[in-house]
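Worksheet: the structure to be examined is printed underneath.
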Amino acid sequence: MKLTLSVIKADIGGFVGHSASHPDVINEASESLSKAKKEGLLIDYHITSCGDDIQLIMTHQQGDESEKIHRLAWDTFVAGTEVAKKLKLYGAGQDLLSDAFAGNVKGMGPGVAEMEFEERKSEPVLIFMADKTSAGAWNMPLYKMFADPFNTIGLVIAPTMHSGFAFKVHDLKEHKKITLNAPEDIYDLLVFIGAPTRFAIKAVFSREADEIAAVTSTERLSLIAQRYVGKDDPVCIVRCQGIFPAVGEVLEPFAAPILVEGWMRGSHMGPLMPVSLQESTPARFDGPPRVVAAGFQLAEGKFIGPRDMFADVSFELARQQANEMADMMRRHGPFEPHRLPLEEMEYTTMPQVAEKLADRFIALD
Ligand code: F6R
Ligand code: MG
Ligand code: MG
């Protein structure tokens with residue numbers, strides 16, 4: 001059965017501040033998708049949230065970038081925004097950067113990750129959702145899952161994975177893409193994906209089977225809107241088992257928290273903390289950045305799940321380490337490397353301050 005799995009997400013209002021989504025907004029979105037399911041446009045759907053972002057997780061047979069599906073997501077976010085406005089939620093409609101839908105939500109604010117594939121005999125998928133960070137946050141975890149034998153032993157001992165994976169990388173500033181193969185191109189690959197502000201892994205493919213393995217949302221809100229409108233808060237879909245890494249190999253990178261950009265005012269480095277769906281409510285200094293993992297088995301396009309994968313006790317140490325890393329970074333206050341370099345900060349008063357002090361700046365001797 002050929003199936004499309006679409007995850008389309010947006011921040012359409014925070015409860016309280018930028019910390020979480022409101023149940024009434026989620027209910028409104030559920031009504032909209034339930035109608036689309038009854039009408040036969042969707043096979044199935046699941047709605048959840050990560051921090052202040054609403055996540056529409058949908059299966060259908062309309063293919064990638066379907067106008068009908070994108071319109072449904074857009075209309076659902078518009079309806080949710082009306083509810084958010086009534087409740088005076090914070091930043092109601094924040095990620096809807098345009099007044100009218102123009103055929104595709106890409107470039108209009110919402111984040112999109114979609115993949116079309118033939119549903120296997122058994123199809124386990126993990127949907128990762130992050131809040132208070134940007135698209136490049138998936139680079140290191142995806143590299144570890146699909147190219148690092150110290151993370152994924154299957155690359156070494158599973159004949160189905162031994163020929164490696166291909167990585168499609170987007171240059172978010174120059175709007176270009178390149179595909180590089182692991183293992184032979186890994187040093188070249190790391191030159192780019194090691195700079196996650198500019199380069200983001202868009203998709204990963206099994207080289208043996210020429211099958212899609214993972215896809216991410218790579219929209220950069222600030223580049224779309226040319227101003228600060230909140231962090232991208234990206235999503236990522238990963239197919240697991242068989243010709244792909246096992247569920248445990250896919251979750252493993254998050255056991256060792258890394259620093260990502262985002263956090264307070266989208267302008268800081270902080271640890272990416274793996275949490276349960278219930279704990280995806282950034283609070284301390286509007287963070288630290290969170291990642292959740294919803295696990296599903298697909299059955300003829302129906303969602304069996306979710307299982308809340310990071311609710312497991314084996315991620316408690318990672319949460320503790322992330323809290324310690326958060327403390328260590330917070331110690332720097334307004335100094336780098338906690339604060340992002342000037343050119344990467346989503347907010348900056350530097351031009352105004354420099355202008356005000358222009359005649360007090362004098363040449364060095
Ligand atoms: C970061 C984020 C928050 C806000 C901060 C200020 O992605 O969403 O840290 O940047 O709460 O929000 P405003 O400018 O809306 O008052
Ligand atoms: Mg928000
Ligand atoms: Mg958010």
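Order of listing sets the numbers, starting from 1, for every ligand and every atom in it.
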With the Mg ion (ligand 3) as the reference point, give the N/O/S atom of [X] that is nearest.
X      : answer
Asp131 : OD1
Asp233 : OD2
Asp53  : OD2
Asp52  : OD1

Lys177 and Asp171 ion-paired at < 4.0 Å: no
Charged N-O contact under 4.0 Å between Arg290 and Glu279: no
Numbered atoms of ligand 1 (with element) below 4.0 Å of Gly266, judged on heavy atoms: 1 (C)
Per-atom contacts, ligand 1 versus Lys132 - under 4.0 Å to a heavy atom: 1 (C), 2 (C), 7 (O), 8 (O)
Metal check, the Mg ion (ligand 3) vs Asp11 N/O/S, cut-off below 2.8 Å: no
Distance (rounded to the nearest 0.5 Å) between Glu114 CD and Ile212 CD1: 10.5 Å
Ring centre gap for His46 and Phe296 strictly below 6.0 Å: yes
Ring centre gap for Phe310 and Phe254 strictly below 6.0 Å: yes
Residue His18 atom name (nearest to the Mg ion (ligand 2); N/O/S): ND1
Location of contacts on Trp263 toward ligand 1, heavy atoms closer than 4.0 Å: backbone
Part of Met264 with heavy atoms under 4.0 Å of ligand 1, whether side chain, backbone, both or neither: both
Heavy atom of Gly262, distance to ligand 1 below 4.0 Å: no
Ligand 1 N/O within reach of His18 N/O, cut-off under 3.5 Å: yes
Residue from Ile43, Leu41, Ile8 passing side chain to side chain contact (heavy atoms under 4.5 Å, CB included) with Met58: Ile8
Minimum heavy-atom distance between Ala84 and Ala92, given as atom pair plus value: CB-CB, 3.8 Å
N/O/S atom of Asp95 inside 2.8 Å of the Mg ion (ligand 2), strictly under: no
Intermediate values then yes/no, side-chain contact (heavy atoms from CB on, under 4.5 Å), Val215 and Cys236: CA-CA 6 Å; Val215 69; Cys236 172; over 6 Å; no
Positive for salt bridge (Lys or Arg N to Asp or Glu O under 4.0 Å) with Lys132, one of Asp232, Asp11, Asp52, Asp233: Asp52
